[in-house]
Amino acid sequence: MSWTERQRALLGAMGLRVWGETAPEHALATSDAGLEDAAAPASPSDPDPAPPRPAAPERRRAPAPQADAASPPPRASPAIDLGAVAAMEWPALREAVAACRACDLCQTRTQTVFGVGHARAHWMVVGEAPGEQEDRQGEPFVGAAGQLLDRMLAALQLSRADDGDAASRVYIANTLKCRPPRNRNPSAEELHACEPFLVRQIELLRPRIILAMGRFAVQALLRSDEPVGKLRGRVHRYQGVPLVVTYHPAYLLRNLPDKARAWEDLCLAAGVAEAAAEAAG
Ligand code: URA
């Protein structure tokens, strides 16, 4: 990996290690305690083997909508057809998200925020929910937190561009596809309603590494209420895909000292992605 003088200066000024110049021994050490299920080994005979497709989680079929012609329909459909979502390809999934009325956020959103990036990106970043800018522009992480995220990814020569080399591309999505009013925390009901879309995005993408940013991404993917600070620093798994937990960039904007820890988390994730690429040949 080559570094620009500017990147070196930036990382040096932050007192951070330059990825690719020092051996990241710890980065490749996965924590057995953190492994929640086993990854299927990549086949060395396959020239471009995709990582194992995550096993489909147990799915419930949504209850049939109860017709009530007299009352106004705040939600067009009370729940998502999970079987249908599980079978969708990218275009249908995007349309389903845009049409979703499974929770009350559909009444206050400007638009849904599906996700952005290369459809075969090796990296996937999962955040919380769209904020004001994202609700306006229809793309995740375009506000101040997103700019910090982009800078951190660029320091690893990663980008959200939807073309080019999949190994250096990041797909970015949120646990919620609609903005909660006044950026309040997502409710358990909203997270539950929106989850099938994220599950399907991960299934379609089959990333080599997932970076879960902040507590709601952690709750959604690891089913854990442990604080981020306790879960970071080791490799977990989501449906067989390695997952690294880190701080949400909006938190980092308010807590500068934790930027160094976030950088360590990104280096850990980079080590995992690089090891996966080597294993894939
Ligand atoms: N915070 C998030 O978690 N996601 C966004 O898209 C923007 C801010």
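Atoms within a ligand are numbered from 1 in the order they appear, just like the ligands themselves. Heads up: numbering here begins at 1 and tracks the sequence. Remember, predicted model here, so these are calculated numbers, not experimental data.
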Query raised in the report: Which bit of His248 gets closer than 4.0 Å to ligand 1, counting heavy atoms only: side chain, backbone, both or neither?
Result: side chain

Query raised in the report: Side chain, backbone, both or neither: which part of Ala145 comes within less than 4.0 Å of ligand 1 when only heavy atoms are counted?
Result: neither

**Report entry** Sub-4.0 Å atoms of ligand 1 with respect to non-hydrogen atoms of Glu128
**Finding:** 2 (C), 3 (O)

Report summary line: Quick note on ligand 1: atoms under 4.0 Å from a heavy atom of Pro140 include exactly 6 (O)

Query raised in the report: Any chance the side chains of Tyr247 and Asn255 put a donor and an acceptor closer than 3.5 Å?
Result: no

Requested in this report: Considering heavy atoms of the protein only, find what lies nearest to atom 4 (N) of ligand 1 and give residue, atom and distance to 0.1 Å.
Outcome: Asn174 OD1, 2.8 Å

Query raised in the report: Would you say Glu134 has any N or O atom under 3.5 Å from an N or O of ligand 1, going by distance alone?
Result: no

Report summary line: Checking heavy-atom distances from atom 5 (C) of ligand 1 to each of Ala129, Gly127, Ala144, Gly131, the winner is Ala129

Query raised in the report: Just by modelled atom types, is the Ala129 backbone N or O under 3.5 Å from a matching donor or acceptor in the Arg179 side chain?
Result: no

Requested in this report: Using a strict 4.0 Å threshold on nitrogen-to-oxygen distance, state whether Glu203 and Arg200 make a salt bridge.
Outcome: yes

Query raised in the report: Take atom CZ in Arg182; do more than 12 heavy atoms of anything else shown fall under 6.0 Å from it?
Result: no

Query raised in the report: What closest approach, in Å, do Asn185 and Glu190 show between heavy atoms, and which atom pair accounts for it?
Result: O-OE1, 4.5 Å

Report task. Taking all heavy atoms of His192 and all of Pro196, pick out the closest pair and write down the distance. Result -> O-CD, 3.7 Å

